[in-house]
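Because only heavy atoms are used, hydrogens play no part in the values below, and waters and symmetry mates are left out as well, while side chains stay in.
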Amino acid sequence: MSVIEKKLKDRSGSKCELCGNEHDLQVFNVAPNTTESLEQSILACKTCINQIENPEQMDKAHWHCLNDSMWNEHLPVQIVSWRMHARLKNIDMLEMMYFDEEALEWAKATGEGEEDEGKIIHKDSNGNILQDGDSVVLIKDLDVKGANFTAKRGAAVHNIKLVWDNADQIEGRVENQHIVILTQYVKKTK
């Protein structure tokens, strides 16, 4: 167990900070942040994380918990609650939440709350929607600028990170090098 996970468990009483579930808990970094910290992460259950990362699998009934978590004293929990209310189009609840400019910018960083045409959606070469943590395979040899190697076609890239402000780019590790890859050259794996 990481130090941050222990501190988040202490902070939350070993419960999901969104729904209160006590099982299958893990640290969830609130995008676009990628570093585990008390100021940028929450403790969440697999059910919540799966629905956050896969909007098409959302169970609206599960998210009645937001009526409590939106008032949590910790900003990362409030940010995720705001985003889920925005996704569910709970306008009345969104209007009750107050953020300063910086926090509101963080809440809107993933595109939640925007109309679909303004939202940044990452898609692979086949049009499949990509999410943080997905695995992809390169569909063509790619010369990696500044690294003096070629990422070979068929190379697997696990645990990708989306470039939050550019729908055409993802980040991942190939041959132990952290690189940026264009989404048109990858295919999502199951």
Side-chain angles (χ1 to χ4, degrees), residues 4-5 7-9 11-13 15-124 128-134 159-171 183 188:
I4 296 300
E5 184 176 359
K7 287 182 178 182
L8 287 171
K9 284 186 173 188
R11 176 175 95 183
S12 68
K15 294 181 181 178
C16 174
E17 293 184 277
L18 297 171
C19 74
N21 187 348
E22 297 179 9
H23 304 288
D24 297 322
L25 301 175
Q26 58 192 60
V27 176
F28 179 75
N29 299 324
V30 182
N33 303 308
T34 57
T35 309
E36 285 187 7
S37 73
L38 284 175
E39 298 78 25
Q40 300 177 345
S41 305
I42 64 171
L43 189 68
C45 67
K46 283 186 180 177
T47 302
C48 285
I49 292 171
N50 188 45
Q51 292 186 44
I52 291 167
E53 293 179 340
N54 301 292
E56 66 280 355
Q57 296 179 12
M58 270 201 39
D59 172 13
K60 289 184 180 185
H62 176 79
W63 293 103
H64 290 297
C65 60
L66 293 174
N67 295 341
D68 293 327
S69 63
M70 66 189 267
W71 303 114
N72 188 292
E73 65 184 290
H74 303 288
L75 185 58
V77 180
Q78 294 172 22
I79 296 294
V80 175
S81 297
W82 186 95
R83 289 177 182 171
M84 298 313 292
H85 274 309
R87 186 180 296 172
L88 293 164
K89 302 199 181 335
N90 293 336
I91 306 305
D92 292 343
M93 296 303 204
L94 288 172
E95 288 176 353
M96 282 192 244
M97 297 182 79
Y98 171 78
F99 289 135
D100 62 30
E101 260 183 64
E102 189 176 314
L104 187 58
E105 188 175 312
W106 182 17
K108 291 181 175 182
T110 58
E112 295 295 347
E114 295 177 10
E115 293 304 315
D116 287 342
E117 65 265 6
K119 197 179 205 181
I120 293 177
I121 298 174
H122 293 73
K123 293 184 179 183
D124 72 1
N128 296 313
I129 294 176
L130 297 171
Q131 301 287 338
D132 276 336
D134 281 348
N159 197 23
I160 65 167
K161 295 289 180 207
L162 305 179
V163 175
W164 69 273
D165 62 347
N166 188 332
D168 297 328
Q169 296 178 344
I170 59 171
E171 297 177 2
T183 56
K188 184 176 180 176

Test log, rule side chain to side chain contact (heavy atoms under 4.5 Å, CB included), inputs K188 and L130: CA-CA 7 Å; K188 184 176 180 176; L130 297 171; 3.8 Å; yes

Could you walk me through whether W63 and Q51 pass the side chain to side chain contact (heavy atoms under 4.5 Å, CB included) check? CA-CA 10 Å; W63 293 103; Q51 292 186 44; 2.9 Å; yes

Side-chain donor-acceptor pairs under 3.5 Å in residues 18-26, sequence neighbours left out?
| unit_1 | atom_1 | unit_2 | atom_2 | d |
| --- | --- | --- | --- | --- |
| N21 | OD1 | H23 | N | 2.8 |

Can you check whether T35's main-chain N or O pairs, donor with acceptor, with N33's side chain at less than 3.5 Å? no

Is there a side-chain contact between P76 and W106 (heavy atoms, below 4.5 Å)? yes

Nearest non-hydrogen partners of A107 and R83, listed with the distance: O-NE, 3.0 Å

Give every donor-acceptor pair under 3.5 Å between a side-chain atom in residues 92-102 and any protein atom, sequence neighbours left out.
| unit_1 | atom_1 | unit_2 | atom_2 | d |
| --- | --- | --- | --- | --- |
| D100 | OD1 | E102 | N | 3.2 |
| D100 | OD1 | A103 | N | 2.8 |

Can you tell me how far apart NE2 (H122) and CG (D134) are? Round to the nearest 0.5 Å. 11.5 Å

Drop me the distance from Q169's CD to I160's CD1, to the nearest 0.5 angstrom. 12.5 Å

Point-to-point distance, once rounded to the nearest 0.5 Å, from NE2 of H64 to CG of L88: 9.5 Å

Only residue of I49, T110, I52, L75 satisfying side-chain contact (heavy atoms from CB on, under 4.5 Å) with V80 is I52

Value for CG (L162) from OG1 (T183), rounded to nearest 0.5 Å, stands at 9.5 Å

Would you say L8 and I42 make side-chain contact, with heavy atoms under 4.5 Å? no

Closest heavy-atom pair, R11 versus S41, reported as atoms and distance to 0.1 Å, is NH2-O, 3.1 Å

Flag for N54-Q131: side-chain donor and acceptor within less than 3.5 Å: no

What distance separates H74 NE2 from S81 OG, expressed to the nearest 0.5 Å? 12.0 Å

Can you find a side-chain donor-acceptor pair between D124 and N128 that sits under 3.5 Å? yes

Report yes if the side chains of D132 and K161 come closer than 4.5 Å at any heavy-atom pair, otherwise no. yes

List the atom of Q78, the atom of N72, and the distance in Å for their closest heavy-atom pair. NE2-O, 2.6 Å

Set of salt bridge (Lys or Arg N to Asp or Glu O under 4.0 Å) partners for E5, sequence neighbours left out: K9

Which heavy atom of C16 sits nearest to which heavy atom of C45, and what is that distance? SG-N, 3.4 Å

Between L43 and S12, what is the shortest heavy-atom contact and its length? CD2-OG, 3.3 Å

Value for NE2 (H62) from CD (Q57), rounded to nearest 0.5 Å, stands at 12.5 Å

